[in-house]
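Computed from a predicted model, the values in this text were never measured in an experiment.
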Amino acid sequence: ALPIYSHFGETVSGLSVIRAYGHQDRFLQHNERTIDINQKSVYSWIVSNRWLAIRLEFVGNLTVFFAALFAVLARGNLNSGIVGLSISSALNITQTLNWLVRMTSELETNIVAVERVHEYIEVENEAPWVTDHRPPKNWPDKGEIGRA
């Protein structure tokens, strides 16, 4: 989303110049392309989230169904308080499963970030910060650029 906001902010800042040169269509097309690229990833994220939510809801509903079924089958042997506790706990299983999956995903993301930082710490520098090849002491002595 950052390229979208960046491009939009730059477009708004330079709107008078864009209009003066008649480049509105070019900036509009670039904005639409940037949004399309972003929406491709957002759409797959939304679809995978829905896929996961449907399965977690199904597991939660099965848990509630079997808790209620077992309560009915064992109605003569169970106390009504135990039945109420088991069904109300089963009703919370969907929310708990959602929380568990999201926390596991967030933990994995954070661990990957830590691994990446550790990997960058271990990488050797490509070149030293200060080299033996230094510009002359009087450089730059003129306001021009030359080729050696």
Side-chain angles (χ1 to χ4, degrees), residues 1-71 78 81-148:
L2 186 60
I4 296 171
Y5 294 133
S6 174
H7 182 260
F8 183 74
E10 291 168 0
T11 302
V12 169
S13 296
L15 196 56
S16 58
V17 176
I18 293 169
R19 284 186 177 165
Y21 285 99
H23 286 271
Q24 296 96 322
D25 290 337
R26 183 171 63 93
F27 277 83
L28 185 61
Q29 288 172 357
H30 180 70
N31 189 39
E32 289 173 353
R33 275 194 311 268
T34 308
I35 290 173
D36 286 346
I37 290 168
N38 183 55
Q39 289 302 313
K40 287 178 186 175
S41 61
V42 170
Y43 179 73
S44 57
W45 177 76
I46 289 171
V47 167
S48 63
N49 246 356
R50 287 293 91 215
W51 179 88
L52 180 64
I54 288 171
R55 271 121 186 109
L56 290 177
E57 288 281 336
F58 181 71
V59 169
N61 290 339
L62 279 178
T63 306
V64 172
F65 172 75
F66 283 115
L69 181 68
F70 291 144
L78 291 177
I82 297 294
V83 171
L85 179 65
S86 67
I87 292 177
S88 65
S89 296
L91 286 169
N92 289 331
I93 195 77
T94 304
Q95 181 181 1
T96 305
L97 285 173
N98 275 322
W99 178 84
L100 184 66
V101 167
R102 293 193 194 286
M103 290 300 111
T104 306
S105 174
E106 187 175 330
L107 176 67
E108 184 177 345
T109 302
N110 291 338
I111 287 176
V112 168
V114 170
E115 288 174 352
R116 194 174 299 150
V117 168
H118 182 264
E119 184 178 317
Y120 287 142
I121 289 172
E122 299 294 320
V123 171
E124 291 184 32
N125 288 338
E126 294 178 2
W129 287 101
V130 178
T131 63
D132 294 335
H133 184 68
R134 307 291 295 169
K137 295 278 186 200
N138 62 352
W139 182 82
D141 58 350
K142 300 177 192 167
E144 60 186 37
I145 299 174
R147 291 181 12 185

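- With rounding to the nearest 0.5 angstrom, the CD1 atom of I18 is 10.5 Å from the CG atom of L28.
- A heavy-atom distance below 4.5 Å is found between the side chains of F66 and L69.
- Closest approach of L100 and T104 over heavy atoms only: O-OG1, 2.7 Å.
- Considering CD of E32 and CG of D25, their distance stands at 9.5 Å, rounded to 0.5 Å.
- H118 is listed as a side-chain neighbour of E122, based on a closest heavy-atom distance under 4.5 Å.
- Here H30 pairs with H7 under the ring pair (Phe, Tyr, Trp, His ring centres under 6.0 Å) rule; sequence neighbours left out.
- Judged by distance alone, with hydrogens and angles left aside, the side-chain atoms of S105 form no donor-acceptor pair with the main-chain N or O of V101 at under 3.5 Å.
- Note that CG of N38 is 3.5 Å distant from CD1 of I4, once rounded to the nearest 0.5 Å.
- Note that CD of E57 is 10.5 Å distant from CD of Q95, once rounded to the nearest 0.5 Å.
- For the pairing with R102, the side-chain contact (heavy atoms from CB on, under 4.5 Å) check across L107, L52, N49, L97 returns one residue only, N49.
- Here the shortest heavy-atom pairing between A71 and V83 reads CB-CG1, 3.5 Å.
- With rounding to the nearest 0.5 Å, the separation of CG in N61 from CG in L56 is 11.0 Å.
- The two residues A67 and A90 come nearest to each other via the heavy atoms CB-CB, 4.0 Å.
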(request) Start with the C-alpha gap between F58 and I54, add the side-chain angles, then the distance that decides, and say whether side chain to side chain contact (heavy atoms under 4.5 Å, CB included) holds. (result) CA-CA 6 Å; F58 181 71; I54 288 171; 5.5 Å; no
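- When all heavy atoms of S44 and S41 are compared, the closest pair comes out as OG-O, 3.0 Å.
- Put simply, CG on N98 and CD1 on I93 are 10.5 Å apart, with the number rounded to the nearest 0.5 Å.
- Within a 6.0 Å radius of CD in Q24, other residues, nucleotides and ligands contribute more than 12 heavy atoms.
- In this structure, R19 places its CZ atom where only 12 or fewer heavy-atom neighbours from other residues, nucleotides or ligands lie under 6.0 Å away.
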